[in-house]
Amino acid sequence: MSDLHGWLLGRLSWDALPFYSAIATVAAGVLVAGVLAAVLFIAATRRWGYLWREWLTSLDHKRIGVMYVVLALVMLVRGVIEGVLLRTQQAVAINNPGFLPPEHFSQLFTTHGTIMIFFMAMPFLTGLINIVVPLQIGARDVRFALLNAISLWLTVAGAGLVMISLVLGRFSTGGWSGYPPYTEPPYQTGVGPDYWIWALTLSSIGATLTGINFATTLYKERAPGMAFMRLPLFAWTALCTSILMIFAMPPLTVATLLLALDRYLGFHFFSNTDGGNLMNYINLFWLFGHPEVYILVLPSFGIFSEVFPTFSAKRLYGYTSLVLATLAITVLSFTVWLHHFFTMGQSAGVNAAFGIATMLIAIPTGVKIYDWMLTMFRGRVRLTVPLIYASLFLMLFVVGGLTGMTLATPPVDFQLHNTTYLVAHFHNMLIPGTLFGLLAGYTYWFPKVFGFRLNEHWGRVAAVCFGLGFLLAFMPLYLLGAAGMPRRLSVIHQSAFAPALWVAEAGAVLLFAAVASLVVQLIVSIRQRDHTRAPLGDPWNGRTLEWASPSPPPAYNFAVLPAVHDRDAFMWLKEQGQAYRAVVQPAPINMPRNTPVALFIGAASFVAAFGLVWHIGWAALGGVLAAVACVVVRSFNRHTHQTVSSAELAAEHNRWVAAVQAAEAVNRDLELDPRNRGRAEPTL
Amino acid sequence: MNDVAAYRRTLRLYTLGLVLAVLLTAVSFAVVGLTALNGPGLWWVLYGCGALQVMVHFRCFLHISLARSHRHDLWLLLFSGLIIALMVGGTFWVLLSQMARMGG
């Protein structure tokens, strides 16, 4: 009996169910109920067929991008709730045990970090890059459309693994960086670190493939005339992020796979004994980890570089310096990884070199800050939601940069490392830097993807809650860290910390309110979509090519590829009166057909990873074989493309051109008015 | 006609690459397994075979050359070389420093 159980279910048993903590039980219940409700809702409204045909099997880069963003927003909700739980525990548990058992507290800070980095920020920025970059560079699709879908479904499989760990078994308690030897078998025998390892492995492979795909797309698929120095800045940052992904994700994949060998097959790469060396892991992890910081922040820099000129109605100030700064950051990001472990024991000379390299990064970043401010100078500035996020970013990010300078000084770091000062610092970079940028991009490009604008009122509420919530939640942590409070404490034995912790708790509640406002904003916007439609495609008087198509754009993006004459390619076309031209006989277009093969590969990888986590041999092996079989079978399919005929292209394109020409062009005073249908008055 | 000629040329390049790659691999294994070569001499032979292997892959499989039309690819290679040198060199520097201070 036990043999059969072992063969069928591995280590899976009733003990895996989450009854060790009331909160874990509730969380698992909410997750199961949520998934069931979603499945039933889709079934009740008979949308499974639509979902399958139009989304799950789609190879359209815009739809893949939207699915990435949906994944990111779902994971954002879980990540923020976990953050609020952590803050609340610390505020409550002063000289008493609080409401979270220590083991559950550790799981929560591990999943919070893992989710926010790998399954919120990464999918969010990958999604926006997917949606925007091919449109911005005047391409019909990414270079490898099927690979793009495979990246998506591998990421979803990794996220699914983190989600199912809520219901079955417990997650790692080793933090988002998973340092051995604590994540090795003698210390954590359960499935937690295995969940962490395979979730990260899947998502890091997905990200590597995304990097390859977009670097190639940006090299090979630019429209005629789109020289490198005419690329919009978001495309530049997407290129640099892709290159960072190509070089930075493999060290992570290697680190997690070596850790897996230690855990599964008794290797001793990182063990305390038998010649293992955990420093090799820490070095490998941060070889990935530091470039990862710039993978996360560069796309947001790109988004701000689009938002500032558009909502100031000016050309971007200092384009060349912004490009050079981005390139400098890309290279420098590979020279600073040691500042994550100044205290690991290398000589003072090594520390000094990496400390200086770290401080150097402030120079190109400072250049960017001035360029953005000067872009607004004497512009026609409209304080819309994306610009509110961008302004908050300008003010708050500089504070985070300055505290980064303090941490980059090795002697200071020896005092502050592993305190809440560090926690405050990296949240100060990632919330105003990455998250505000992504939310600005989400608001900015939403009308391009769906054809209607997001509700402005709830957007402002969310932005203000994010700004204030961030300040209240993390400024106190600087003080606490400087006063010596270690990070990741589940119980606090120092009453003097209480007031600051309660201020931080208030900030956490505000951040939760901000996320709730985002949900409300989405619901309200969908309900009122008839008042905010902008199907003609250009609601913000845009400057770059993504606005030179109807909203939502057709699958092939452009009936005729646009010719690029200027950095602000679409603005140039509008000024020359060459935008919105009818076409006579466009060449037919070959577009990839939908295919479920990427979804199958993702599902098979999920089964394989789940089997590995629970030591279910048949699932692990079967999943891997199924994924390989999918690739092999697909390679025999010769009917991977379909043609869009010339007549169809001309009809669709000319209908849009006629609609634009019949429409009233609105000026910027009417930007948020229902009359703004997406045709902008050419001059101010 | 032209297509056939181009096809032949590409095929020849791939075949040459395959032969050279297999040969270089075989030589590496052979010097370890069949000869008495040891110490730094052995390492230099293996480093040499490795470096040649990289060049064979670039030339025969990835079609990188110094021709003007391939300059973009060459830039990417140089950039990759820089990043890999930073990562590998830095790792050696850091870990050797730690080893020295731990008395290893």
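A, B, ... follow the sequence lines: proteins, then strands. Residue 1 opens every chain. Please read these numbers as outputs of a predicted model, since none were measured by experiment.
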Study note, to complete from the structure: The reported gap from CG in B:Leu95 to CD in A:Gln346 (rounded to nearest 0.5 angstrom) is 9.0 Å
Check your understanding: Does any heavy atom of chain A fall under 4.5 Å from the side chain of B:Leu82, the backbone, both, or neither of them?
Key -> side chain
Study note, to complete from the structure: When the 4.5 angstrom heavy-atom criterion is applied to A:Leu284 and chain B, the contacting part is neither
Check your understanding: Under 3.5 Å, is there a donor-acceptor pair between the A:Tyr281 and A:Trp286 side chains?
Key -> no
Practice item. Please look at B:Ile83 and chain A and tell me whether the side chain, the backbone, both or neither of the residue comes under 4.5 angstrom of a heavy atom of that chain. Key: side chain
Point to revise | Spacing of A:Met122 atom CE and A:Thr241 atom OG1 [to the nearest 0.5 Å] | key: 9.0 Å
Practice item. Side chain from CB out, backbone as N, CA, C, O: work out which of these in A:Ser347 comes under 4.5 Å of a heavy atom of chain B, or both, or neither. Key: both
**Study point:** Heavy-atom proximity to chain B below 4.5 Å, by part of A:Phe228
**Key:** side chain
Review point. Taking A:Phe270 as the fixed residue, which of A:Asn280, A:Thr183, A:Ile282 is the one that meets the side-chain contact (heavy atoms from CB on, under 4.5 Å) rule?
Key: A:Asn280
Practice item. Examine distances only and state if a side-chain atom of A:Arg222 and a backbone atom of A:Leu218 form a donor-acceptor pair shorter than 3.5 Å. Key: yes
